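Presented below is the structure to which this report refers.
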Amino acid sequence: QVQLVESGGGLVQAGGSLRLSCAASGRTFRGYAMGWFRQAPGKERESVAAISWSGGSTYHADSVKGRFTISRDIAKNTVYLQMNSQKPDDTAVYYCAADLVPWQKITVLNPKAYNYWGQGTQVTVSS
């Protein structure tokens with residue numbers, strides 16, 4: 001059974017940094033793309049970033065480009081999201097997701113492409 005467990009969320013002031021982690025277990029994830037998504041109250045879930053199985057390819061949403069960085073440790077089955085220069089608009093519940101998703105930007109940044117999700121971690125950025 002696939003399990004994705006996020007950690008690292010919390011409260012941070014605008015301009016600050018946090019690093020989220022997503023530990024995956026329950027099967028081999030060879031070939032699986034992994035992504036970070038977020039959902040603010042009253043809003044739809046939106047993409048943040050995605051990374052290929054090897055970690056050699058990434059996509060970042062325009063809203064976080066230059067501030068957030070997704071990375072992956074294959075040996076630890078863990079994906080990270082380094083968030084710098086945070087803004088109050090970054091406040092949301094952040095989820096990681098995994099699946100055998102064709103590596104195309106329009107697909108890997110689409111939350112509907114993923115079947116496996118973590119429980120989410122709250123990130124709050126104060127002004």
Side-chain angles (χ1 to χ4, degrees):
Q1 183 177 357
V2 173
Q3 274 198 317
L4 302 175
V5 180
E6 301 98 335
S7 61
L11 174 64
V12 64
Q13 288 188 332
S17 298
L18 282 175
R19 188 176 83 153
L20 304 183
S21 299
C22 173
S25 63
R27 63 160 298 137
T28 177
F29 289 91
R30 185 179 185 88
Y32 275 56
M34 296 189 73
W36 284 99
F37 298 83
R38 67 186 182 186
Q39 189 164 17
K43 294 187 177 181
E44 292 188 355
R45 192 166 297 189
E46 65 174 4
S47 62
V48 177
I51 190 165
S52 64
W53 175 79
S54 67
S57 297
T58 61
Y59 290 119
H60 294 80
D62 289 343
S63 58
V64 306
K65 203 170 290 184
R67 301 187 298 121
F68 292 10
T69 303
I70 190 171
S71 62
R72 185 170 192 166
D73 186 330
I74 296 175
K76 295 183 178 180
N77 270 346
T78 300
V79 174
Y80 305 97
L81 185 68
Q82 179 66 44
M83 304 185 292
N84 299 328
S85 303
Q86 290 191 261
K87 306 174 182 179
D89 284 350
D90 294 327
T91 296
V93 177
Y94 283 70
Y95 299 90
C96 73
D99 216 325
L100 285 168
V101 182
W103 189 253
Q104 299 170 353
K105 183 176 182 179
I106 194 172
T107 305
V108 297
L109 292 181
N110 181 357
K112 295 180 180 179
Y114 295 83
N115 287 305
Y116 303 110
W117 292 86
Q119 82 289 350
T121 185
Q122 175 71 45
V123 172
T124 303
V125 184
S126 63
S127 56

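Because the structure is a prediction, the values reported are computed rather than measured. Only this structure's heavy atoms are used, side chains among them; waters, hydrogens and symmetry mates stay out.
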*Hydrophobic cluster mates of I106, side-chain heavy atoms under 4.5 angstrom, ILVMFWY only, any path?*
none
Compare every heavy atom of [Y] with every heavy atom of [X], then report the nearest pair and how far apart it is.
{"X": "S17", "Y": "S85", "value": "OG-N, 4.3 Å"}
{"X": "G120", "Y": "V93", "value": "CA-CG1, 3.8 Å"}
{"X": "S127", "Y": "A14", "value": "CA-CB, 4.3 Å"}
{"X": "L109", "Y": "P111", "value": "O-CD, 3.6 Å"}
{"X": "M34", "Y": "A98", "value": "CG-CB, 3.9 Å"}
{"X": "V101", "Y": "A113", "value": "CG2-O, 3.7 Å"}

*Take the angle between the ring planes of Y114 and F37 and call it parallel below 30°, perpendicular above 60°, tilted in between.*
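The rings of Y114 and F37 stand perpendicular, inter-plane angle above 60°.
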_Mutual orientation of the aromatic rings belonging to Y59 and W103 [parallel < 30°, tilted 30-60°, perpendicular > 60°]_ =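 Y59 vs W103 ring planes: parallel.
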Quick one: does [X]'s side chain get under 4.5 Å of [Y]'s, heavy atoms only?
{"X": "V64", "Y": "R38", "result": "yes"}
{"X": "P102", "Y": "T107", "result": "yes"}
{"X": "V125", "Y": "M83", "result": "no"}

Main chain of [Y], side chain of [X]: is a donor-acceptor contact present, judged purely on distance under 3.5 Å?
{"X": "Q86", "Y": "L18", "answer": "yes"}
{"X": "R19", "Y": "G8", "answer": "no"}
{"X": "T58", "Y": "I70", "answer": "no"}

*I74 and W53: side-chain contact (heavy atoms from CB on, under 4.5 Å), yes or no, with the steps?*
CA-CA 8 Å; I74 296 175; W53 175 79; 4.2 Å; yes
With hydrophobic residues grouped by side-chain heavy-atom distances under 4.5 Å, do [X] and [Y] end up in a single group?
{"X": "V12", "Y": "Y94", "value": "yes"}
{"X": "V48", "Y": "Y32", "value": "yes"}
{"X": "V108", "Y": "Y116", "value": "no"}
{"X": "L81", "Y": "Y95", "value": "no"}

*Around K76, counting heavy atoms of other residues, nucleotides and ligands shown, do more than 12 lie under 6.0 Å from its NZ?*
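No, because the 6.0 Å sphere around NZ of K76 holds 12 heavy atoms or fewer from other groups.
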*asked:* Within the supplied structure, the quantity of interest is the number of heavy atoms (other residues, nucleotides, ligands) at a distance under 6.0 Å from Q122 CD; does it exceed 12?
replied: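 Above 12, so yes.
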Please round to the nearest 0.5 Å and tell me the distance separating atom [atom1] of [X] and atom [atom2] of [Y].
{"X": "W36", "Y": "F68", "atom1": "CH2", "atom2": "CZ", "value": "11.0 Å"}
{"X": "Q119", "Y": "Q3", "atom1": "CD", "atom2": "CD", "value": "9.5 Å"}
{"X": "F29", "Y": "L100", "atom1": "CZ", "atom2": "CG", "value": "10.0 Å"}
{"X": "C22", "Y": "E6", "atom1": "SG", "atom2": "CD", "value": "5.0 Å"}
{"X": "N77", "Y": "L4", "atom1": "CG", "atom2": "CG", "value": "10.0 Å"}

*Partners passing side chain to side chain donor-acceptor pair (under 3.5 Å) against N110 (at least two apart in sequence or in another chain)*: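 Scan of N110 (side chain to side chain donor-acceptor pair (under 3.5 Å), adjacent residues dropped) gives none.
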_R67 and salt bridge (Lys or Arg N to Asp or Glu O under 4.0 Å): which single residue from D89, D90, D62 fits?_
D90
